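Only heavy atoms go into these numbers, but all of them, side chains included; no hydrogens, no water, no symmetry mates. Here is how names work: the chains are called A, B, and so on, in the same order as the sequence lines, proteins then strands, and each is numbered from 1. All values reported here derive from a predicted model rather than from experimental measurement.
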Protein chains: 2
Amino acid sequence: MNRSNTDSTKRDVLRRLPSFGGLPPDLLAELGAICRLRSYRHDQLIAEEGERLSFVGFISGGILRLQKPQADGRLSIVGLMVEGDMFGRIFNGALHFTLAATGDVEICAFSRELFEELATRWPELERLVMLNILNELDSAREWMLILTSYRVTERLAGFLLLICRRWTSVAKLVRVDKGRLRLTIPVNRTDLAHFLATRPESLSRAFHALADDGLIRLHTPYEIEILDLPALLDLSGSEDLFTPGSFEDLFPRQA
Amino acid sequence: MNRSNTDSTKRDVLRRLPSFGGLPPDLLAELGAICRLRSYRHDQLIAEEGERLSFVGFISGGILRLQKPQADGRLSIVGLMVEGDMFGRIFNGALHFTLAATGDVEICAFSRELFEELATRWPELERLVMLNILNELDSAREWMLILTSYRVTERLAGFLLLICRRWTSVAKLVRVDKGRLRLTIPVNRTDLAHFLATRPESLSRAFHALADDGLIRLHTPYEIEILDLPALLDLSGSEDLFTPGSFEDLFPRQA
DNA sequence: GGCGCAGCTTGACGCGTATCAATGCATTGC
DNA sequence: GCAATGCATTGATACGCGTCAAGCTGCGCC
């Protein structure tokens with residue numbers, strides 16, 4: 001897991017980060033010179049709320065939770081970040097939320113000072129950071145939309161569709177096998193329950209309610225097959241959240 | 001209402017926008033040259049979801065809703081924006097949400113092309129835009145926290161505290177009279193209900209439940225007096241959302 | 001002044017879900 | 001192999017809230 005921080009490894013990792021694709025070679029070289037790979041295990045904290053993180057990070061593998069412990073002992077999860085996402089508060093203050101690993105996570109870290117200096121010198125990099133933040137903002141608002149559904153089944157439907165839409169390219173979480181759409185839920189029931197503003201028990205019932213109605217099939221608790229995409233869209237109550245054609249890349253024109 | 005777009009008026013408006021404070025005079029002059037004031041009435045749409053807005057705007061007065069009509073007829077509100085906030089998708093695609101006025105609104109609009117050109121030429125402006133987006137992201141996540149409370153009273157408590165914390169400087173929405181903390185709810189019950197993922201009836205009950213328990217006093221449906229701030233913090237379940245001292249500017253050291 | 005309208009409030013009822021408790025099921029360690 | 005542990009699941013019950021329906025209140029308008 002804990003790969004060595006050799007130059008060749010780092011070059012590999014940087015090349016795999018989608019947002020870094022269009023950057024000028026000179027900038028990539030500078031970035032490569034200052035990046036360090038780090039890895040974390042499940043539930044390990046990367047940084048805590050209130051902390052002034054000394055680096056900015058790009059996720060090169062795994063899933064990160066953005067969470068906040070509540071006074072009553074509950075844990076609110078306000079975001080999940082995946083491969084390619086950036087975290088850390090560049091040009092800004094302390095973290096507002098705790099960062100924790102969900103499953104094994106590998107990140108590519110840049111010293112905050114050096115990265116800020118680079119961003120000031122390279123407008124391309126600053127633009128990349130801004131687009132990353134805009135992207136996060138969209139995600140956050142889509143989550144809000146999902147959270148405003150009353151029933152747990154509706155929120156769950158919205159979550160499954162969100163995974164399909166946004167995480168197609170991430171670590172094969174979503175894939176089509178022999179015309180069947182299957183996806184891997186990358187978080188356990190408890191985390192997902194926190195995320196969907198409900199409890200594990202209710203979430204479990206919601207999963208099986210969808211299964212009983214023939215909308216999904218549960219191969220394992222983490223392996224889901226989508227049987228009736230239109231019905232899920234209908235249930236999520238926001239079919240127009242997904243512009244027509246959003247799912248076309250999942251179903252090539254062979255169909 | 002519909003003030004003329006004279007140079008002196010525009011200078012006034014630009015000067016009142018908090019984020020523009022530290023900008024270099026030359027940049028301010030350029031901004032002043034390309035800005036146009038616009039005003040909107042209650043419920044008027046500024047732009048609709050999917051539209052590619054031809055300008056970026058800064059709110060100089062009033063409140064804007066970010067909303068999305070749902071398939072089932074409900075209206076989801078995913079954000080409120082106030083004086084000083086920026087909207088419009090600079091360097092990016094079409095709007096993901098509809099922008100609508102809540103009450104009378106006045107904005108300061110810049111042609112998108114010209115503003116982007118300015119931002120490319122002035123790093124200070126691009127930085128300002130980025131900090132604005134970061135700020136929006138924080139707001140969105142705070143809203144998510146509020147939305148994850150189970151009970152409507154908890155969400156309402158969170159909303160009231162959010163107004164206190166973030167909108168102190170906005171149009172005297174929050175003020176202290178003779179040691180009493182009073183605030184003006186800037187949206188009607190129906191909008192607020194959509195916002196808190198509930199219904200007007202339940203929201204009304206929640207307001208009066210808080211009043212019966214002595215946490216607040218309802219002078220009118222829109223004029224609230226906070227009687228027991230600690231109890232509200234406790235109820236909202238996220239007292240640590242508000243760092244110690246957040247409310248100190250409301251209660252100067254005279255107390 | 002009285003009428004009408006829109007928005008806030010209150011009441012009654014059924015449904016969905018939080019909660020508590022117990023069981024099933026897999027994986028880990030000895 | 002067996003015990004122990006962590007997680008998903010299922011069952012029973014109480015409570016909060018969405019829903020429908022009916023009053024109430026303030027306000028503008030003729």
Side-chain angles (χ1 to χ4, degrees), chain A residues 41-44 65 70 72-77 102-104 146-159 184-213 216-224 235-237, chain B residues 41-43 65 70 72-77 102-103 146-159 184-213 216-224 235-237:
Chain A
R41 293 181 314 283
H42 180 60
D43 276 344
Q44 198 178 347
R65 296 196 300 266
Q70 298 292 63
D72 57 10
R74 293 201 343 262
L75 182 75
S76 283
I77 299 184
T102 290
D104 289 339
I146 289 176
L147 284 177
T148 56
S149 298
Y150 295 138
R151 278 177 273 277
V152 176
T153 47
E154 293 170 7
R155 298 204 287 278
L156 177 55
F159 170 79
T184 305
I185 310 269
V187 297
N188 64 27
R189 290 284 191 270
T190 305
D191 281 358
L192 187 55
H194 286 138
F195 206 91
L196 295 179
T198 183
R199 296 282 159 171
E201 299 93 327
S202 301
L203 186 57
S204 177
R205 286 184 242 267
F207 266 112
H208 289 277
L210 292 184
D212 290 347
D213 291 349
I216 63 172
R217 189 197 314 272
L218 286 160
H219 290 278
T220 77
Y222 299 94
E223 286 295 318
I224 309 286
L235 188 63
S236 83
Chain B
R41 293 181 315 283
H42 180 60
D43 276 345
R65 296 196 301 266
Q70 299 293 62
D72 58 9
R74 293 200 345 261
L75 183 75
S76 283
I77 298 183
T102 290
I146 290 178
L147 284 177
T148 55
S149 298
Y150 297 138
R151 277 179 274 278
V152 175
T153 47
E154 292 171 7
R155 297 203 288 276
L156 177 55
F159 170 79
T184 305
I185 310 268
V187 296
N188 63 28
R189 290 284 190 271
T190 305
D191 280 358
L192 187 54
H194 285 140
F195 206 89
L196 295 179
T198 182
R199 297 281 158 172
E201 298 94 325
S202 301
L203 186 56
S204 177
R205 285 184 243 267
F207 266 112
H208 290 276
L210 293 185
D212 291 346
D213 292 349
I216 64 172
R217 190 196 314 272
L218 285 160
H219 291 279
T220 76
Y222 300 95
E223 285 296 318
I224 309 285
L235 189 62
S236 81

Can you tell me how far P of dG6(D) sits from CG of Asp43(A), to the nearest Å? 12 Å

Working to the nearest 0.5 Å, report the span between CG of Leu203(B) and CG of Leu192(B). 4.5 Å

For Arg41(B), which residues count as a side-chain hydrogen bond (donor to acceptor under 3.5 Å, both in side chains) partner, sequence neighbours excluded? none

Would a 4.5 Å heavy-atom cut-off, applied to side chains only, mark Tyr222(A) and Asn188(A) as touching? yes

If you look only at pairs with a residue in residues 186-196 of chain B, which of them pass as a salt bridge (Lys or Arg N to Asp or Glu O under 4.0 Å), with sequence neighbours excluded? Arg65(B)-Asp191(B)

Non-neighbouring partners of Phe159(B) that pass ring pair (Phe, Tyr, Trp, His ring centres under 6.0 Å), sequence neighbours left out: Trp143(B)

Please give me every residue in residues 195-205 of chain B whose heavy atoms get under 4.0 Å of an atom in DNA chain D, ordered by residue number. Ala197(B), Thr198(B), Arg199(B), Glu201(B), Ser202(B), Arg205(B)

Just the atom pairs and distances: protein N or O near nucleotides 14-16 of chain D's N or O, under 3.5 Å.
none

Measuring from atom OG1 of Thr198(A) to atom OH of Tyr150(B), what distance do you get when rounded to the nearest 0.5 angstrom? 5.5 Å

Once you round it to whole Å, what is the distance between C1' of dT9(C) and CG of Asp212(B)? 13 Å

Atom CG of Asn188(B) and atom P of dA6(C) are separated, to the nearest Å, by 14 Å

How large an angle, rounded to 10°, do the end axes of the helix from dT9(C)-dA22(D) to dC30(C)-dG1(D) enclose when each is built from five base pairs? 40°

Identify, with sequence neighbours excluded, every residue that meets side chain to side chain contact (heavy atoms under 4.5 Å, CB included) alongside Pro200(B). Thr190(B), Ala193(B)

When rounded to the nearest 0.5 angstrom, what is the spacing between OG in Ser202(A) and CG in Leu196(A)? 11.0 Å

Looking at residues at least two apart in the chain, or sitting in another chain, which of them share a side chain to side chain contact (heavy atoms under 4.5 Å, CB included) with Ala209(A)? Thr153(A)

Taking CG from Asp191(B) and P from dC8(C), how many angstroms apart are they, rounded to a whole number? 9 Å

Take the protein atom CG of Leu147(A) and the nucleotide atom P of dT17(C), then report the distance between them rounded to whole Å. 14 Å

Could you tell me which non-hydrogen atom of Phe207(A) sits nearest to which non-hydrogen atom of Ile224(A), and how far apart they are? CE2-CD1, 3.7 Å

Send over the distance from Arg155(A) CZ to dG16(C) P, rounded to a whole Å. 14 Å

Interatomic distance where CG belongs to Leu210(A) and P belongs to dA8(D) [whole Å]: 17 Å

Using the 3.5 Å cut-off, write out each protein N or O paired with an N or O of nucleotides 22-25 of chain D and the distance between them.
none

Between His42(B) and Gly103(B) the two heavy atoms that sit nearest each other are ND1-N, 2.9 Å

Rounded to the nearest angstrom, tell me the gap between atom NE2 in His219(B) and atom P in dC8(C). 18 Å

Here the salt bridge (Lys or Arg N to Asp or Glu O under 4.0 Å) pairs for residues 192-208 of chain A, sequence neighbours left out, are none

Restricting to side-chain hydrogen bond (donor to acceptor under 3.5 Å, both in side chains), what partner residues turn up for Glu223(A), sequence neighbours left out? Arg175(A), Thr184(A)

Taken in chain and number order and not counting sequence neighbours, the residues that satisfy salt bridge (Lys or Arg N to Asp or Glu O under 4.0 Å) with Arg217(B) are Glu225(B)

Within the 4.0 Å heavy-atom criterion, would you say Tyr222(A) contacts the bases, only the backbone, or no part of the nucleic acid? sugar-phosphate

